[in-house]
Amino acid sequence: MRGWMGKFRSLFLFGALTMFLTGCGVDNISALKPKGYGSELLFDLMLISIAIMIFVFVIVMAIYAFVLLRYREKKGQEHIVPKQTEGNKALEVIWTVIPIILLLVLAIPTVQATFDLADQSTQGDEGVLTVDVTGNQYWWQFDYADQEISTSQEIYIPTNERVYLNMKASDVIHSFWVPAIAGKMDTIPGENMNTMYLEAYEEGVYEGFCAELCGPSHSLMYFKVIAVSPDEFDQWVEDMQNIDPEAAPETVQTGQELFNENCMSCHAIGGASAGVGPNLGNFANREKIAGILQPSKENLVDWIVHPDEVKPGNQMPAELVSEEDAAKIADYLLELDHSDVGNDLEMQSVEE
Ligand code: CUA
């Protein structure tokens with residue numbers, strides 16, 4: 001009975017672990033499949049520390065096994081007390097020096113990587129992109145000050161270029177994390193500005209997370225990093241700069257009017273940042289609605305009318321407009337596809 005239970009238990013544990021760990025190797029999401037400069041550096045540090053741990057484990061286990069076998073109690077020797085040795089100087093030195101060496105081996109690349117990731121030497125140089133990042137409950141704002149454009153939830157960057165981020169929060173502490181490209185950085189309200197940089201090696205849509213408990217919808221505070229070729233990035237900037245907030249197809253004019261009437265005090269369409277709510281200039285190009293919902297009219301209407309049910313605790317007022325009006329607003333918003341850049345990129349997601 002016990003053997004059967006034991007087998008069942010290990011099978012269960014193995015199955016659960018497999019389910020859990022499969023999430024770790026997904027492309028464009030995992031720190032274990034680095035696709036950017038920062039994540040690669042961090043992955044190398046992980047490998048070094050794991051190698052050291054394995055080395056220590058093997059040595060300790062080998063000594064342990066040797067002592068167990070070699071000095072175990074033998075028949076006829078039950079009452080013999082072995083010679084007692086204390087304070088062996090050579091041994092004391094060895095097991096003090098070895099950990100020091102191991103810690104040094106770990107510390108040198110760690111300190112090096114820390115300085116490397118904090119490097120800001122080329123910020124402000126000609127042609128070097130800087131994006132202002134603001135964490136909000138529960139969405140991300142991205143302002144490209146030099147380009148005079150603003151977007152939210154999806155940050156576009158050119159591949160193989162260092163993109164500097166100046167980071168703040170508008171309300172509480174959040175943490176910006178794109179595991180496949182870079183490490184984490186907190187965004188903090190007030191005067192304190194944090195900085196980091198992104199450098200993606202390949203084009204793609206990379207999943208980003210908020211990594212600091214910031215309220216009831218913290219776990220829904222997803223964003224995307226969309227890395228495109230430098231040429232495509234320039235095209236995207238141009239597309240974004242050319243958004244005309246007045247323009248809309250005739251068929252969705254009622255929706256546009258309703259949007260301007262009800263939503264424009266917080267949101268913006270194109271141009272600079274809206275401040276209170278996300279800039280929706282390229283809304284229809286987004287991979288997700290509100291960072292989490294599949295882009296469909298049905299989901300959008302649901303989000304407009306009942307935002308609190310989708311993202312508890314967020315700032316958007318519930319039932320501001322009727323379902324009927326929300327449908328018209330949704331028709332309008334789904335026309336806001338001002339750029340084709342990045343549309344061909346496939347997204348992999350943890351929710352799918
Ligand atoms: Cu923002 Cu967690």
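Just so you know, these numbers use all the heavy atoms, side chains as well, and skip hydrogens, waters and symmetry mates. Whatever order the structure lists ligands and atoms in, that order sets their numbers, starting from 1. Numbers for residues simply follow the sequence, beginning at 1.
Checked against the 6.0 Å centroid criterion, the rings of Phe209 and Trp140 do not qualify as a close aromatic pair.
Closest approach of Asp337 to Asn285, counting heavy atoms only: CA-OD1, 3.4 Å.
A salt bridge links Lys35 to Asp27: at least one charged side-chain nitrogen sits closer than 4.0 Å to a carboxylate oxygen.
Remark: at atom 2 (Cu) of ligand 1, atom O from Glu212 and atom SG from Cys214 enclose 100°, rounded to the nearest 10 degrees.
Between the side chains of Asp116 and Tyr37, at least one donor N or O lies within less than 3.5 Å of an accepting N or O.
If you look at His174 and ask which of its N, O or S atoms sits nearest atom 1 (Cu) of ligand 1, the answer is ND1. Nearest N/O/S atom of His218 relative to atom 2 (Cu) of ligand 1: this is ND1.
For a distance bound of 2.8 Å, the N, O or S atoms of Cys210 include one lying that close to atom 2 (Cu) of ligand 1. Among the atoms of Met221, an N, O or S atom is found under 2.8 Å from atom 1 (Cu) of ligand 1.
With hydrogens and angles disregarded, no donor-acceptor distance shorter than 3.5 Å links the side chain of His174 to the backbone of Ala211.
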